[in-house]
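Reading through the structure tokens given below for one structure.
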Amino acid sequence: MSKKEKYRGKDFIRQMIHHDIDSGINDGRLATRFPPEPNGYLHIGHALSICINFGIAKEFDAPCYLRFDDTNPAKESEEYVNSIMEDVKWLGFDWGNNLAHASDYFGSIHELALELIEKDLAYVDSQTSEELKNTRGTLNTPGTKSPYRDRSIAENLGLFERMKNGEFENGEHVLRAKIDMSSPNINLRDPIIYRILHMDHQKTGEEWCIYPMYDFAHTLSDALEGTTHSLCTLEFEDHRPLYEWFLDNLSLPTKPRQIEFSRLNVEHTITSKRKLAELIDSGHVEGWDDPRMPTISGLRKRGYPASAIREFCRRVGITKKDKSIEMSLLESTVREQLDASCNRAMAILKPLKITIKNYPEGETEILEAKNHPKNEEMGSRELPFSQNILIEKDDFMENPDKDFFRLSPGSEVRLRYAYIIKCEEVIKNENDEIVELICSYDPDTKSGSGTSTKKVKSAIHWVSENHSIGGKVNLFETLYTDQNPKSDSPLNPDSIIELDQPAYEQSLSKAKIGSRFQFERNGYFIVDQIEGDELIFNRIVTLKDTWAKIQKKKK
RNA sequence: UGGGGUGUAGCCAAGCGGUAAGGCAACGGGUUUUGAUCCCGUGAUGCGUAGGUUCGAAUCCUACCACCCCAGCCA
């Protein structure tokens, strides 16, 4: 196979990796890593990174490290590391023995800082943070050298040792790489690589009071653990020269290559950890795993299958172009996975009572319904039928449009898996609201009997009132109505709608927390909680709704 | 006005000098006891713009334009 054929259709990262392996770089070895900072929960954007890093490693039967970038104890906690591990596992990936923390390498990273000092490539700066800021220059103007830049190696070594020993306050000194204060790339203007932080670390406790900065710790962690391809998002692109500077100037076992790809944005969602935390703190959502959150735990509670998220990430692709993905792509992926795997059931979300006047009072008949219209292996279930049934309010229209083909006065409709009924009378209350329908049924039209010659325009779902069970249903919309929300965008007041009068078919009493169903004609739902005999369902996603589309167009 | 990136359909995305894949969306139509699923069909004489090289350019060259990222002791 020619190279051209081998690379065709693959994203640019896979092409580069194939090329590097074929060229024998790093002995033709591959290792990737996913390096989250444990300062929040993972979100859909991280899912893409996880799928890329773990996914590619898997394809090559290579290791992918789960490495916590825990270099800032001020923001990090064990709660977050646990949630991250849970989320990665749930997404279907396995780091095996390759669990790591940047803090595991603190000793080596410190030694490498000493090496830099000894090579006169790093110095202790004693300027204040204000002075540091003022001498960094701007985007258009070069920075100026620190008055402490020419300290002797011995003095730097001594000062750095005292920093480490806790002899100074936070902010009194920093260790800086000695690169180029006039570089047009700000990252190269003598970046800080160590700062003093008198704070216990969730992993190393009181051991350190100096902590390495991201660029230094991240680069060295990659190199120390043998990562060959460090795949990250675009905003780190101008850090790459610094990444390479560290690799070129230090004695490291391997030389990893950093490759950047564009981050995933999904319309109507925000993925800034700061902003997500704010939504929680302000009480707008119930927590990191609120079903409206774009976090992995939120999507999980919402009922999205991990396979759908993986497939979504695959469809989205890997490029360097800024992307803003429409919700419809995510939703169609979720529907596709759920359509194949979910048992069908009938549930009425907004009930309207029907009395079938010619059906014998007190009689109950058992009907059979398929659990999946296309998959016989998924079996069937029993449906009790009786004189009093409930249908969906939206399935009745007193003054129907001509393209409404559900129930209306005098019209006929099939009750799915049961009989054809005809609406004979509409009963209203004193507020002129429809409270009940009196219908008749045609006994010759029983489903599956083959005796019916009647054709009706549609079949609607129903449940037998006296055999139904109750609970609650949560319907969700996006947290933001803006297509590309900013941090000050208004929240969607309808992001959650709670329905407290649903009626579920009897067979659902056997459902367990976490089981998913397609409620026919209503969408996909997951059992969120069970309270006594009440079931609380979350709607995962609606079905495609052509009728809703027609109505929308009319308006 | 410095540096680093990116521009192919409404949203993604293939393409790698030989005449614009695919998915989502949209729009038609068929099947259907879910207005679901499924099936069929429809979209770029055009690849940010303008020049150039070439028998031939989305692919190479030049210039321009638009958008994104960078001035934390955050990652």
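Naming: A, B, ... by sequence-line order, numbering from 1 per chain.
For K275(A), the NZ atom sits in a packed shell: over 12 heavy atoms of surrounding residues, nucleotides or ligands are nearer than 6.0 Å. With a 6.0 Å radius and a threshold of 12 heavy atoms from other residues, nucleotides or ligands, K203(A) has its NZ atom at or below the threshold. When the shell of 6.0 Å around CD of E167(A) is examined, it contains more than 12 heavy atoms from other residues, nucleotides or ligands.
Here the nucleotide nearest the side chain of R416(A), chosen from U34(B), A71(B), C12(B), is U34(B). Of the listed nucleotides (C24(B), G35(B), C74(B)), C74(B) has the atom at the smallest distance from the side chain of R195(A). When distances run from any side-chain atom of I192(A) to the nucleotides A75(B), C73(B), G2(B), the shortest one goes to C73(B). The nucleotide whose nearest atom lies closest to any side-chain atom of Q15(A) is, among U33(B), C16(B), C69(B), C16(B). Among the nucleotides C24(B), U34(B), C12(B), the one closest to the side chain of I325(A) is C12(B). Nearest to the side-chain atoms of F404(A) among the listed nucleotides G35(B), C27(B), U33(B) stands G35(B). Each of A36(B), A75(B), G5(B) was ranked by its minimum atom distance to the side chain of H239(A); first place goes to A75(B). You'll find that the side chain of R240(A) is closest to G5(B), out of U34(B), G5(B), G35(B). Looking at the side chain of V174(A), the nearest of the listed nucleotides C68(B), G35(B), C73(B) is C73(B). Of the candidates G15(B), A14(B), A75(B), the closest approach to any side-chain atom of F236(A) belongs to A75(B).
Side-chain atoms of D238(A) come within donor-acceptor range of the base of G3(B), with a qualifying N/O pair under 3.5 Å. Side-chain N/O atoms of R335(A) and base N/O atoms of U37(B) include no donor-acceptor pair closer than 3.5 Å. A donor N or O paired with an acceptor N or O is not found under 3.5 Å between the base of U34(B) and the side-chain atoms of R521(A). Evaluation of atom-type donor-acceptor distances gives no pair under 3.5 Å for the side chain of E260(A) against the base of G5(B). The base of U6(B) lies outside donor-acceptor range of the side chain of K320(A), with no N or O pair under 3.5 Å.
An OP1 or OP2 oxygen of G3(B) is reached within less than 4.0 angstrom by no side-chain nitrogen or oxygen of S183(A). Here K549(A) reaches the OP1 or OP2 of C27(B): one of its side-chain N or O atoms lies under 4.0 Å away. A sub-4.0 Å separation between OP1 or OP2 of C73(B) and a side-chain N or O of S129(A) is absent. Residue K323(A) places no side-chain N or O under 4.0 Å from the OP1 or OP2 atom of C68(B). Contact between the side-chain N/O atoms of K553(A) and the OP1/OP2 oxygens of A26(B) is not found at any separation under 4.0 Å. Taking only side-chain nitrogens and oxygens, K544(A) comes nearer than 4.0 Å to OP1 or OP2 of U37(B). A sub-4.0 Å separation between OP1 or OP2 of U6(B) and a side-chain N or O of T319(A) is absent. Under 4.0 angstrom from either OP1 or OP2 of A36(B) there lies no side-chain N or O belonging to R344(A).
Inter-residue side-chain proximity for E368(A) and L383(A) is flagged as unmet; no heavy-atom pair is nearer than 4.5 Å.
Taking atom P on both nucleotides, A44(B) is separated from G56(B) by 25 Å, rounded to a whole Å. Comparing G51(B) with G41(B), their C1' atoms sit 40 Å apart, to the nearest whole Å. For the C1' atom pair drawn from U6(B) and A58(B), the interatomic distance equals 15 Å after rounding to whole Å. One P atom belongs to U59(B), the other to G15(B), and the distance between them is 15 Å to the nearest Å. Look at the C1' atom in both G3(B) and C61(B): the space between them is 24 Å, to the nearest Å. U8(B) and A14(B) have their P atoms separated by 11 Å, with the value rounded to a whole Å. For U49(B) and A9(B), the P atoms lie 10 Å apart once the distance is rounded to whole Å. Nucleotides G29(B) and C65(B), compared at atom P, are 48 Å apart to the nearest Å.
Applying the salt bridge (charged side-chain N to carboxylate O under 4.0 Å, His left out) test to E237(A) and every residue at least two apart in sequence or in another chain returns K320(A). Considering only residues two or more places apart in sequence or on other chains, E37(A) meets the side-chain hydrogen bond (donor to acceptor under 3.5 Å, both in side chains) condition with N39(A).
Only one option out of R414(A), E505(A), E520(A), M346(A) pairs with W462(A) in a side chain to side chain contact (heavy atoms under 4.5 Å, CB included); it is M346(A).
Here the C1' atom of nucleotide U34(B) and the CE atom of M378(A) are 15 Å apart, to the nearest Å. For the pair R263(A) CZ and C69(B) C1', the computed distance is 11 Å after rounding to whole Å. Protein atom CD1 of I186(A) is 8 Å distant from nucleotide atom C1' of G3(B), rounded to whole Å. One can place CD of E37(A) at 5 Å from C1' of A75(B), the figure rounded to the nearest angstrom.
R263(A) has a carboxylate O that lies under 4.0 Å from a charged side-chain N of E235(A), or vice versa, which qualifies the two as a salt bridge. Checked for salt-bridge contact, R149(A) and D125(A) miss the test: no charged N lies under 4.0 Å from a carboxylate O.
In this structure, Y214(A) does not pack face-to-face on the six-membered ring of A75(B), missing the 5.5 Å centre cutoff or the 30° plane limit.
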If you restrict it to nitrogen or oxygen atoms, what contacts under 3.5 Å exist between nucleotides 7-9 of chain B and the protein, and what is each distance?
from	atom 1	to	atom 2	distance (Å)
U8(B)	OP2	K321(A)	NZ	2.5

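Aromatic ring centroids of F236(A) and Y243(A) lie 6.0 Å or more apart.
The partner of A26(B) is U42(B), by the rule that a Watson-Crick or G-U pair needs both atom distances under 3.5 Å. In this structure, A66(B) forms a base pair with U6(B), meeting either the Watson-Crick or the G-U wobble geometry with both donor-acceptor distances under 3.5 Å.
Both Q127(A) and P373(A) lie near RNA chain B, and the one whose nearest nucleotide falls closer to the 5' end is P373(A). Of the two residues near RNA chain B, G137(A) and E237(A), the one whose nearest nucleotide lies more 5' is E237(A).
A donor-acceptor pair under 3.5 Å is formed between the side chain of H201(A) and the backbone N or O of D70(A).
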